[in-house]
2 protein chains.
Amino acid sequence: MKFEAATIKDIAIALGLSTSTVSRALRDSHEISIATKQLVLEYATRINYHPNPIALSLKEKRSRSIGVIVAEIANSFFSQAINGIESVAKDKGYNVMISQTHESFDKEVMTLQYLASRSIDGLLISVSSGTENLDHLKALHERGFPIVFFDRIVEEIQTHKVMVDNFRGAYDATLHLINKGYKHIAVIAGPENLSISRERIAGYREALAHTRVKPGKALIKYSRYAGLQLQEVEQAVSQLLKLRPRPDAIFTASDKLTTNCMRVLKAKGIRIPQDIALVGFSNSDLIELLHPPLTVVRQPAFEMGQIATQLLLQLIESKKPVKEFERKILNTNLIVQASS
Amino acid sequence: MKFEAATIKDIAIALGLSTSTVSRALRDSHEISIATKQLVLEYATRINYHPNPIALSLKEKRSRSIGVIVAEIANSFFSQAINGIESVAKDKGYNVMISQTHESFDKEVMTLQYLASRSIDGLLISVSSGTENLDHLKALHERGFPIVFFDRIVEEIQTHKVMVDNFRGAYDATLHLINKGYKHIAVIAGPENLSISRERIAGYREALAHTRVKPGKALIKYSRYAGLQLQEVEQAVSQLLKLRPRPDAIFTASDKLTTNCMRVLKAKGIRIPQDIALVGFSNSDLIELLHPPLTVVRQPAFEMGQIATQLLLQLIESKKPVKEFERKILNTNLIVQASS
DNA sequence: GTGTCATTCTAACACGTATGAAAAACGCTT
DNA sequence: AAGCGTTTTTCATACGTGTTAGAATGACAC
């Protein structure tokens with residue numbers, strides 16, 4: 001099943017010119033006579049000629065495509081971020097290649113190798129919740145390959161990073177719960193190896209530091225798969241419910257964690273917020289339709305995608321090696337609703 | 001900012017061989033001595049050699065990547081479908097390039113040209129709600145370019161198609177409403193030019209045909225952007241509410257339409273299902289957390305993505321022109337909850 | 001020593017494009 | 001018409017890979 005497009009050679013033969021003349025004419029070089037240029041251009045448009053991007057890639061050593069690695073496309077935050085990524089990339093003539101890790105470290109390594117071997121010009125990545133070892137990223141980075149981290153960043157690697165003020169987002173959410181009079185506030189976060197988990201927990205801790213109640217260790221739960229698996233959320237919630245005094249509020253520190261926590265509480269017949277209040281990070285656009293409407297910390301996902309892509313393209317197109325790296329920190333937005 | 005990988009030439013020079021010998025050795029050709037093979041292979045793995053996919057693409061006239069065009073990534077149905085697409089594509093060593101139309105015909109044409117000019121091997125598309133003219137797709141298709149339609153298909157173009165039984169899905173949903181005792185059932189569908197809209201309306205009509213109530217034309221609303229824009233949904237709902245007798249149930253025929261309809265009803269202070277029942281197509285995984293939990297027609301999005309991709313790859317890899325096209329029709333799943 | 005065959009490797013080319021250098025064409029001056 | 005400068009076109013090569021055809025080598029038999 002072939003599908004052959006017109007090449008520069010076809011034009012050359014048809015017009016009795018050499019390929020290089022045609023090439024130059026198409027590129028509007030000054031060293032081609034206006035008459036020939038017009039002849040070539042006319043014929044080219046007539047047969048609907050388009051330069052073969054693959055040949056161009058080979059020649060120019062760039063593919064004009066970037067890779068994106070995220071945990072799950074079917075996650076509001078990531079799909080919105082990809083939306084932002086795609087908008088900027090397309091605008092600048094770049095293609096977007098997407099891969100998912102499903103929060104698995106092994107898949108991240110495989111997918112990274114796959115993308116890297118597909119000659120992408122750069123990479124946008126929000127690391128998987130299972131990522132502890134960074135060798136795969138470091139190896140690429142050390143060879144000078146352009147990488148930009150967004151959301152789930154990696155501190156050890158020096159490059160552009162785009163994230164939200166996780167500390168502040170968590171602080172605000174927790175403070176909101178405190179102000180509402182909740183006394184025993186638990187938290188369920190992603191895995192401890194992710195910096196966003198640690199930062200969000202730190203924000204939670206800081207907010208509680210102002211109160212008399214010290215956050216006992218039992219109130220802090222980590223979730224290996226960042227809430228992707230319902231079962232681990234269920235386990236965390238069950239453990240929290242056994243505590244005495246029982247927590248009267250839960251702060252969930254990621255998108256899937258929030259909705260799955262809600263799911264678990266509902267399944268257990270626990271009313272929100274009467275029995276337990278719930279506040280969490282989430283970018284779902286259905287939060288106000290939920291029962292109850294959820295108080296959430298919302299991240300500017302679309303913007304994050306846009307900014308990360310701008311930075312990546314800047315990195316890719318820079319002539320000299322970049323040594324100064326940006327660390328963009330966006331603000332979260334606390335949307336207060338009935339769940340707290 | 002360059003990033004040069006090892007080439008076959010590097011190996012050849014290092015070992016004092018010719019490039020073709022190295023090539024043959026790597027491809028394990030029988031006409032290379034075992035000793036040389038081993039030497040080459042060993043050195044190749046040592047310097048972590050990977051064949052340049054771009055050079056390969058140029059040579060083989062295939063890029064091993066497929067394009068996907070959907071309305072919105074940040075839509076449960078599409079993100080789940082893309083999930084399925086990505087899983088199969090990656091499995092077979094293909095890359096996935098994603099573009100969005102945001103329900104705009106112009107964007108669809110542009111994005112199609114863009115992808116086509118990027119030498120993808122094939123295309124998966126769910127056409128935009130604004131697509132009435134098919135010239136852009138026909139032109140590509142007539143040149144023998146592999147295309148597979150999924151979800152929002154196009155009858156006029158002969159190729160593989162993957163969809164759900166839209167008629168049946170709508171029929172089931174409407175029948176469910178009838179059985180629940182609702183008398184005045186309205187419908188809001190996507191634009192009339194989409195076959196899925198027409199089929200779903202037909203299913204709705206057929207279900208009502210068994211009842212005494214004939215569906216007046218006023219009960220049927222079309223939505224130009226398939227519910228993407230809240231404002232158009234609001235308008236449709238407002239018009240429905242003015243009818244006498246006022247509809248006591250609404251069937252929404254697409255994902256965004258369903259959630260946005262719910263949003264509008266809530267904003268107007270209309271209770272579901274006490275004032276008006278609501279049933280709609282939706283693939284959101286939050287439906288049981290909504291207030292009220294929504295009765296929905298769910299599509300096997302992940303599966304659709306998988307099947308469509310399998311068919312596309314089959315088309316791409318077929319030696320002889322394919323003349324027999326499949327038309328896969330999957331079943332929808334009616335999930336009954338409190339909204340009806 | 002010559003002919004036949006099998007084995008192992010190399011040279012040349014192709015894919016489509018771009019570019020530096022060389023060559024050809026042209027116009028002008030003397 | 002020879003010389004020169006300028007404009008226009010062509011040649012050769014490169015990017016990285018794979019393939020085809022053919023050359024070189026060696027082994028064996030006569």
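Numbered from 1 within each chain, the chains take letters A, B, ... in sequence-line order.
Using a 3.5 Å distance cut-off with no hydrogens or angles, the side chains of B/Glu155 and B/Ser195 do not pair a donor with an acceptor.
Atom CD in A/Glu31 sits about 14 Å away from atom P in C/dA18, given to the nearest Å. C/dA18 atom P lies 16 Å from atom CG of A/Leu17, rounded to whole Å. Between the CG atom of A/Asp28 and the P atom of C/dT17 there is a distance of 17 Å, rounded to whole Å. The CG atom of A/Leu56 sits 15 Å away from the C1' atom of D/dG16 (whole-angstrom rounding). The distance between atom NE2 of B/His30 and atom C1' of C/dT7, rounded to the nearest whole Å, is 10 Å. For B/Asp10 and D/dC15, the CG to C1' distance is 12 Å, given to the nearest whole Å. Rounded to a whole Å, the CD1 atom of A/Ile13 is 12 Å from the P atom of C/dT17. The CZ atom of A/Arg62 sits 18 Å away from the C1' atom of D/dG16 (whole-angstrom rounding).
Residue B/His50 is in sugar-phosphate contact alone, with no base atom involved, counting any heavy-atom pair closer than 4.0 Å across all strands shown. Residue contacts shown for B/Leu58 include a base, since a base heavy atom lies under 4.0 Å away. A/Thr7 comes within 4.0 angstrom of the backbone, heavy atoms only, and of no base. Using a 4.0 Å heavy-atom criterion, one finds that A/Ser57 contacts no nucleic acid atom at all. Across all strands, B/Ile54 comes closer than 4.0 Å to no nucleic acid atom at all (heavy-atom distances).
In terms of heavy atoms, B/His136 sits closest to B/Phe105 at CE1-CE1, 3.6 Å.
Not one side-chain nitrogen or oxygen of B/Lys37 sits closer than 4.0 Å to the OP1 or OP2 atom of C/dT8. A sub-4.0 Å separation between OP1 or OP2 of C/dC15 and a side-chain N or O of A/Lys9 is present. For the OP1/OP2 pair of D/dT10 and a distance below 4.0 Å, the side-chain nitrogens and oxygens of A/Ser18 include at least one atom meeting the criterion. Distances shown here put every side-chain N or O of B/Thr19 at or beyond 4.0 Å from the OP1 or OP2 atom of D/dT17. Applying the 4.0 Å criterion to OP1 and OP2 of C/dT19, one finds that A/Arg27 has a side-chain N or O inside that range.
Closest-nucleotide positions on DNA chain C for B/Ile34 and B/Ala55 were compared, and the one nearer the 5' end corresponds to B/Ile34. Residue-to-nucleotide proximity on DNA chain C shows that, of B/Thr21 and B/Lys59, the 5′-proximal contact is made by B/Thr21.
The listed nucleotides are D/dT17, C/dC9, C/dT19; the one nearest the side chain of A/Ser23 is C/dT19. Residue B/Lys61 has its side chain nearest to C/dC15 when only C/dT8, C/dT10, C/dC15 are considered. The listed nucleotides are C/dT8, D/dT19, C/dG16; the one nearest the side chain of B/Arg24 is D/dT19.
Ion pairing of A/Glu326 with A/Lys161 is absent here, as no side-chain N (NZ or NE/NH1/NH2) approaches a carboxylate O to less than 4.0 Å. Taking a cutoff of 4.0 Å between a charged side-chain nitrogen and a carboxylate oxygen, B/Asp28 and B/Lys37 qualify as a salt bridge. A salt bridge links A/Glu103 to A/Arg152: one of the charged nitrogens lies within less than 4.0 Å of a carboxylate oxygen.
With hydrogens and angles ignored, a donor-acceptor pair under 3.5 angstrom links the side chain of A/Ser20 to the base of D/dC11.
Atom OG1 of B/Thr101 sits about 11.0 Å away from atom CG of B/Asp106, to the nearest 0.5 Å.
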